[in-house]
Amino acid sequence: MSYPNYGPSYYGPPPQSHPQGTTILVLGILSLVVCSIIGPFAWSMGTRALREIDESGYYYENRGMVQAGRICGIVSSVLMMITFGFVVLMFGLMLITGAPSG
């Protein structure tokens, strides 16, 4: 028995998932927990994926995951920059004050 073809549904096409949504979220979380060097990658991938989602015109069900991964990447990148600045500042202070070597 076959069912008749009624055409497209009333509510439009079914929601899609962005193929990199889970990857971006995992990279963002790992950048906060394990290694902050991954943060800029999550940030850039998330920005690119959000641009693709916005330009497509379709509804993506995992847009929130992409945004969360991007935000985690931004936070991790900012924390990494602050840490790097602090290390440079401390190294400069050690050079200026003549910290004992050895």
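Quick caveat, the model's predicted, so the values are computed rather than measured. Note: hydrogens, waters and symmetry copies are ignored here, and every other heavy atom, side chains too, is used. We count residues from 1, following the sequence as given.
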A.B. asks: State which residues pass side chain to side chain contact (heavy atoms under 4.5 Å, CB included) with Tyr60; sequence neighbours excluded, sorted by chain then number.
C.D. replies: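 Partners of Tyr60 under the side chain to side chain contact (heavy atoms under 4.5 Å, CB included) test: Gln16, His18, Ile53, Ser56, Tyr58, Asn62.
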A.B. asks: Kindly compute the distance separating CG (Leu27) from CD (Gln20), expressed to the nearest 0.5 Å.
C.D. replies: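 Atom-to-atom, Leu27:CG and Gln20:CD are 9.5 Å apart.
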A.B. asks: Going by heavy atoms in the side chains, are Thr22 and Met65 under 4.5 Å from each other?
C.D. replies: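 Yes, side chains in contact.
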A.B. asks: Would you kindly confirm whether Leu25 and Leu50 end up in one hydrophobic cluster when ILVMFWY residues are joined by side chain heavy atoms under 4.5 Å apart?
C.D. replies: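 Cluster IDs for Leu25 and Leu50 match.
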A.B. asks: With a 4.5 Å cut-off on side-chain heavy-atom distances among I, L, V, M, F, W and Y, is there a chain of contacts connecting Val26 to Phe41?
C.D. replies: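 As far as the 4.5 Å side-chain criterion goes, Phe41 and Val26 are not connected within one cluster.
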A.B. asks: Kindly state each residue pair satisfying salt bridge (Lys or Arg N to Asp or Glu O under 4.0 Å) with at least one member in residues 54-66, sequence neighbours excluded.
C.D. replies: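 Qualifying pairs: Asp54-Arg63.
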A.B. asks: Could you tell me which non-hydrogen atom of Met45 sits nearest to which non-hydrogen atom of Ile24, and how far apart they are?
C.D. replies: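 Taking every non-hydrogen atom into account, O-CD1, 3.5 Å.
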A.B. asks: Identify, with sequence neighbours excluded, every residue that meets side chain to side chain contact (heavy atoms under 4.5 Å, CB included) alongside Val33.
C.D. replies: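 By the side chain to side chain contact (heavy atoms under 4.5 Å, CB included) rule, Val33 matches Ile29.
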A.B. asks: Please tabulate, for side-chain N and O atoms in residues 67-89, each donor-acceptor pair with protein atoms closer than 3.5 Å (sequence neighbours left out).
C.D. replies:
residue : atom : partner : partner atom : Å
Arg70   : NE   : Thr47   : OG1          : 3.0
Ser76   : OG   : Ser31   : O            : 3.0
Ser77   : OG   : Gly73   : O            : 2.8
Thr83   : OG1  : Leu79   : O            : 2.8

